[in-house]
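Note sheet for the following structure.
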Number of protein chains: 2
Amino acid sequence: MLLKGAKLKISEIPEPTIMRLTVYARCLTDLVKQNVQVVSSEKLANEAGVNAAQVRKDLSYLGSFGRRGVGYETNHLLNKISICLGLTKERSIVIVGVGKLGSALLGYQGFLEKGFKMVAAFDTDKRRIGSSIGGIEVIDLERVDEIIKKKNVEIGIIAVPAEAAQKVADRLVVAGIKSILNFAPVVIKVPESILLRRVDLSSELEILSHYLNSSHKE
Amino acid sequence: MLLKGAKLKISEIPEPTIMRLTVYARCLTDLVKQNVQVVSSEKLANEAGVNAAQVRKDLSYLGSFGRRGVGYETNHLLNKISICLGLTKERSIVIVGVGKLGSALLGYQGFLEKGFKMVAAFDTDKRRIGSSIGGIEVIDLERVDEIIKKKNVEIGIIAVPAEAAQKVADRLVVAGIKSILNFAPVVIKVPESILLRRVDLSSELEILSHYLNSSHKE
DNA sequence: ACTTGTGAAGATGTTCACAGCA
DNA sequence: TGCTGTGAACATCTTCACAAGT
């Protein structure tokens, strides 16, 4: 779990709420595009696939700026959420491992749209080093320290095979990375001061598989 | 959240536990490979990055077959977890959308290793249809019904742009899919009888971004 | 002596229900 | 009247602490 072991509260806002805020942000972006000025908790809940009380409780962590009897001003709300998620600041990210998955992530449009800037890609495979993927040159992993420091990179994405993941994580930590998003199917260990999240593609299928098994639905 | 709204309990086992079981399974696979015969909750907890009481509680949902004073037999435990996760049965999956991300998922080794069989890939782009990616031919989405029924496909992966995701989901549902793993950055709606999970790549970065902002750690 | 299995306590998250305000 | 904001009730999940088994 993220932040386990931290003694002081990192944030007043529960992690499930943070997760849902990212969803609300997406819904609000759509609404703003459609020129919708105001949205009720009911409507937003419906868009986001949660219940209305949940939306109100979640938003209450950001302050109270809905108007009773009316709803929330879409633009303003989106702005508040963006600030909370730190999306008003451009953040530099690097990716380590440019196999199929890494390459796909490297070119993922969604990151760019949210203000994440892919500044470099690393690999150890000599055949990949020097090539260019989506306009970003693949650099020897040996140079990761230099570039993380020079470009003030805050987030590192690990997309290497499981066996290599821990070593890559260690290098990123030494280089001064602040947070890691790990796609390798293995549990990696980092100091408590480093933020770590894991995206496990197989696990997701396995979870579906479990529920497929035990499907005695109404 | 998965399964919201189901009146009967789908499974006695809490979802967070299911998630961790996938991790334990991976750790156990490693241990078995290393010829480790027995593992304590302490050791497994350490490998999985959780605490020992949690491991014991999680495993207790599967029955009690640890040996007090000794630990758990790795092979046996792995077997029990595999059964619980439904991994003893081969499951067919299809993917819709073979852009960068879709193509990467199509060739993802991890799925194969866990007994998931990629039986087809679909797209609507004429330029992609007929090509072959990782040995799997890309088929016109029009034929999705036919193939899902013929090959008894249980899981559909959506890797299309956000705008197209809901329509693709609707098609999959009509075709008789039982569960969907959605990679499109949008909330899609499906009938309650369909299992749905979402993997949101941007959200993961946004969550890190939030905590990077509010880092007033000890 | 060592480690599991599990009630009970504690912590966290969700939903309800309604007061409060436009 | 309509919708927000929120304390309180409820539900769920995690951790503790120790009895019980080998």
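Naming: A, B, ... by sequence-line order, numbering from 1 per chain. Heavy-atom basis, side chains included; hydrogens, waters and symmetry copies ignored.
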_Residue Arg56(B), side-chain atoms from C-beta onward, closest of dT6(D), dT14(D), dC18(D)_ = dC18(D)
*Could you tell me whether the side chains of Asp30(A) and Gln34(A) share a donor-acceptor contact shorter than 3.5 Å?*
no
*asked:* Regarding Tyr61(B), tell me which of base, sugar-phosphate or nothing describes its non-hydrogen contacts under 4.0 Å with the strands shown.
replied: nothing
*Can you tell me how far C1' of dC10(D) sits from NZ of Lys57(A), to the nearest Å?*
12 Å
*asked:* Salt bridge check, Glu15(B) against Arg197(B): does any charged N sit closer than 4.0 Å to a carboxylate O?
replied: yes
*asked:* Strictly below 4.0 Å: does Arg20(A) bring a side-chain N or O up to OP1 or OP2 of dG13(C)?
replied: no
*Atom pair CG (Leu77(B)) and CG (Leu28(B)), whose distance is rounded to the nearest 0.5 Å*: 4.5 Å
*asked:* Without decimals, in angstroms, what is the distance between Lys80(B) NZ and dG5(C) P?
replied: 12 Å
*Looking at side-chain heavy atoms only, is the closest gap between Leu44(A) and Tyr72(A) below 4.5 Å?*
no
_Side chain of Asn51(A) (C-beta onward), nearest among dG5(D), dT6(C), dC16(C)_ = dC16(C)
_dT22(D) base / Arg68(B) side chain donor-acceptor hit below 3.5 Å_ = no
Could you list the donor-acceptor pairs under 3.5 angstrom formed by side chains in residues 173-184 of chain A, with sequence neighbours left out?
| residue | atom | partner | partner atom | Å |
| --- | --- | --- | --- | --- |
| Lys178(A) | NZ | Glu154(A) | OE2 | 3.2 |
| Ser179(A) | OG | Glu154(A) | O | 3.0 |
| Asn182(A) | OD1 | Ala184(A) | N | 2.8 |
| Asn182(A) | ND2 | Ala184(A) | O | 3.3 |
| Asn182(A) | ND2 | Val186(A) | O | 3.1 |

*Would you work out how much the helix from dA1(C)-dT22(D) to dA22(C)-dT1(D) bends between its ends, with each end axis defined by five base pairs, to 10 degrees?*
0°
*Would you call Asp170(A)-Lys189(A) a salt bridge at under 4.0 Å N-O?*
no
*Give a yes/no answer on whether the side chain of Tyr72(B) brings an N or O atom under 4.0 Å of OP1 or OP2 in dG5(C).*
yes
*Whole angstrom is fine here: how far is it from CG in Asn46(B) over to P in dT3(C)?*
14 Å
_Tell me whether the side-chain N/O atoms of Ser41(A) come closer than 4.0 Å to OP1 or OP2 in dT4(D)._
yes
_Nearest whole Å is fine: how far is dT4(C) P from Leu77(B) CG?_
11 Å
